[in-house]
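These numbers were taken from a predicted model, which means no experiment stands behind them. This chain uses plain numbering: 1 for the first residue, then up along the sequence.
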Amino acid sequence: MIYPSFTCCTQADIDQLPDLHPMLLYLYPKEPLTIQPSATDHVFCTGCHSRFEWIRDLRVQCVQTHTDFTFVRTGSVLIVNGRLYHIPADQQIPQARKAGIDYHPLDPLFERLSRSAFRSRFHLGSKETAYIQAKGIETIQRHAYDLIGRRLAPAEPEHDGKQTPMRGHPVFIAQHATGTCCRSCLYKWHHIAKGSALSAAQQDYVIAVLMEWIYRELKKKQER
């Protein structure tokens with residue numbers, strides 16, 4: 001996977017993480033953990049002789065920062081409300097699904113985008129994928145912040161409606177795929193009004209959408 005990934009079991013592991021986003025964070029909590037995820041990160045949690053309340057608390061932290069969270073599997077031993085459960089291997093994933101605590105904040109948006117014939121025609125090609133591999137995902141995110149800051153964030157962007165090329169950079173393709181290519185599309189798909197400069201929080205949201213689309217594209221290519 002092109003995204004950098006880290007595995008943590010303890011708070012000491014968390015405290016040693018680099019200030020690097022986006023990332024894939026694989027958690028096997030052996031104690032309560034305090035994380036500082038970004039909206040562009042993905043958190044995957046697996047029980048490891050864990051308490052369920054620790055896992056729920058990690059989900060809460062992800063919800064607060066609009067970070068994608070998946071409870072992957074319970075592990076062989078899980079403590080729920082003070083009671084210890086031994087869970088067979090073939091039930092660990094189904095039981096995690098049954099808990100119903102996964103959090104994927106952008107799923108409804110991507111479902112709507114998938115129903116648009118125009119938006120759903122955009123995909124990363126081999127050149128764009130190679131470019132991401134060569135530059136690294138952190139660099140792509142920095143490019144995204146620069147491009148959005150210059151081309152989309154102003155109250156009245158220059159050549160608004162025509163400022164985003166159809167090719168030439170993975171971010172451009174992601175913008176057309178996600179309806180973040182101009183202020184009119186941004187309003188239509190994301191309900192962010194025209195006429196005012198995008199706030200820092202709004203720019204962070206746009207970047208999160210773009211990086212999530214790129215992540216999903218790379219994941220699909222990896223699974224083929």
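A heavy-atom distance below 4.5 Å is not found between the side chains of L24 and P4. Between P157 and R151 there is no side-chain heavy-atom pair separated by less than 4.5 Å. Two residues are said to be in side-chain contact when any heavy atoms from C-beta on lie closer than 4.5 Å; T178 and R119 fail this criterion. For the pair L106/Y205, a side-chain contact is recorded, criterion being any heavy-atom separation below 4.5 Å from C-beta on. With a 4.5 Å cut-off on side-chain heavy atoms, H123 and K220 count as touching. Counting only heavy atoms from C-beta outward, the side chains of H143 and P170 never approach each other to under 4.5 Å. Taking 4.5 Å as the limit, every side-chain heavy atom of F6 sits out of range of all side-chain heavy atoms of Y26. The shortest distance between side-chain heavy atoms of Y131 and H169 falls below 4.5 Å.
Scanning all heavy atoms of the two residues, the minimum distance from G179 to W189 falls at CA-CD1, 3.9 Å. L58 approaches C45 most closely through the heavy-atom pair CD1-SG, 3.9 Å. Looking at every heavy atom in both residues, G149 comes nearest to Q203 through CA-OE1, 3.7 Å. Residues F71 and G47 come closest through the heavy atom pair CE1-N, 4.2 Å. Across every non-hydrogen atom of T67 and Y103, the tightest pair is O-CD2, 3.2 Å. Of all heavy-atom pairs spanning G125 and E128, the tightest one is N-OE1, 2.7 Å.
Side-chain N or O atoms of Q61 include one that pairs as donor or acceptor with a backbone N or O of L33 at under 3.5 Å. At least one donor-acceptor pair closer than 3.5 Å links the side chain of S114 to the backbone N or O of E111. The closest donor-acceptor contact from the side chain of E31 to the backbone of Q11 lies under 3.5 Å. One N or O on the side chain of D41 and one on the backbone of M23 form a donor-acceptor pair closer than 3.5 Å. Of the possible donor and acceptor atoms, none in the side chain of Q95 sits under 3.5 Å from a partner among the backbone N and O of Q92. A donor-acceptor pair under 3.5 Å is formed between the side chain of R183 and the backbone N or O of A193.
In this structure, the separation between CZ on F110 and OG on S120 is 12.5 Å, given to the nearest 0.5 Å. Note that OG of S199 and CG of D204 are 8.0 Å apart. Values are rounded to the nearest 0.5 Å. Note: R73 CZ to F44 CZ = 14.5 Å, rounded to the nearest 0.5 Å. Residue L20 holds its CG atom at 4.5 Å from CD of E138, rounded to the nearest 0.5 Å. Atom SG of C185 and atom NE2 of H176 lie 8.5 Å apart (nearest 0.5 Å). A distance of 9.5 Å separates CD1 in I140 from OH in Y3, rounded to the nearest 0.5 Å.
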After noting the C-alpha distance and the side-chain angles of I35 and C62, does the key distance pass the side-chain contact (heavy atoms from CB on, under 4.5 Å) rule?
-> CA-CA 9 Å; I35 58 177; C62 288; 4.2 Å; yes
From CA spacing to verdict: side-chain contact (heavy atoms from CB on, under 4.5 Å), T129, L218 = CA-CA 8 Å; T129 302; L218 294 175; 4.1 Å; yes
T34 and I14: side-chain contact (heavy atoms from CB on, under 4.5 Å), yes or no, with the steps?
-> CA-CA 8 Å; T34 299; I14 297 291; over 6 Å; no
Given the rule in the side-chain contact (heavy atoms from CB on, under 4.5 Å) test, do I148 and I207 qualify, once you have shown the distances and angles that lead to the verdict?
-> CA-CA 8 Å; I148 294 305; I207 300 304; 3.8 Å; yes
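Ring planes of H191 and Y187: perpendicular class, angle over 60° (limits at 30 and 60°).
A side-chain donor from one of T40 and Q141 sits under 3.5 Å from a side-chain acceptor of the other. With hydrogens and angles left out, the side-chain atoms of Q202 and H190 include no donor and acceptor closer than 3.5 Å. With hydrogens and angles left out, the side-chain atoms of D13 and Q16 include no donor and acceptor closer than 3.5 Å. Checked by atom type, the side-chain pair Y215/D68 shows no donor-acceptor distance below 3.5 Å. The closest side-chain donor-acceptor pair between S184 and K194 falls under 3.5 angstrom.
Of the residues listed (L124, L109, L113), the one engaging W213 in a side-chain contact (heavy atoms from CB on, under 4.5 Å) is L124, and it is the only one.
Between R142 and D146, none of the side-chain N atoms (NZ, or NE/NH1/NH2) sits under 4.0 Å from a carboxylate O, so this pair counts as no salt bridge. Ion pairing between R97 and D102 holds under the 4.0 Å rule for side-chain N and carboxylate O. Residues E217 and K221 are not paired through a salt bridge, judged by the lack of any N-O separation under 4.0 Å between the basic side chain and the carboxylate.
The same ILVMFWY cluster, assembled from side-chain heavy atoms under 4.5 Å apart, contains both L27 and F52. Using a 4.5 Å cut-off between side-chain heavy atoms of Ile, Leu, Val, Met, Phe, Trp and Tyr, with links allowed through other members, I55 and Y85 fall into the same hydrophobic cluster. When the side chains of ILVMFWY residues are joined at heavy-atom separations under 4.5 Å, either directly or via intervening members, L25 and V63 end up in a single hydrophobic cluster. In the hydrophobic clustering of ILVMFWY residues, with side-chain heavy atoms under 4.5 Å counting as a link, L84 and V80 come out apart. There is a path of hydrophobic side-chain contacts, each under 4.5 Å, that joins L147 to I137.
Within a 6.0 Å radius of CD in Q36, other residues, nucleotides and ligands contribute 12 heavy atoms or fewer. The local environment of CZ in R83 is sparse, with at most 12 non-hydrogen atoms from other residues, nucleotides or ligands closer than 6.0 Å. Atom CG of D15 has more than 12 neighbouring heavy atoms from other residues, nucleotides or ligands inside a 6.0 Å radius. Other residues, nucleotides and ligands contribute over 12 non-hydrogen atoms within 6.0 Å of the CZ atom of R112.
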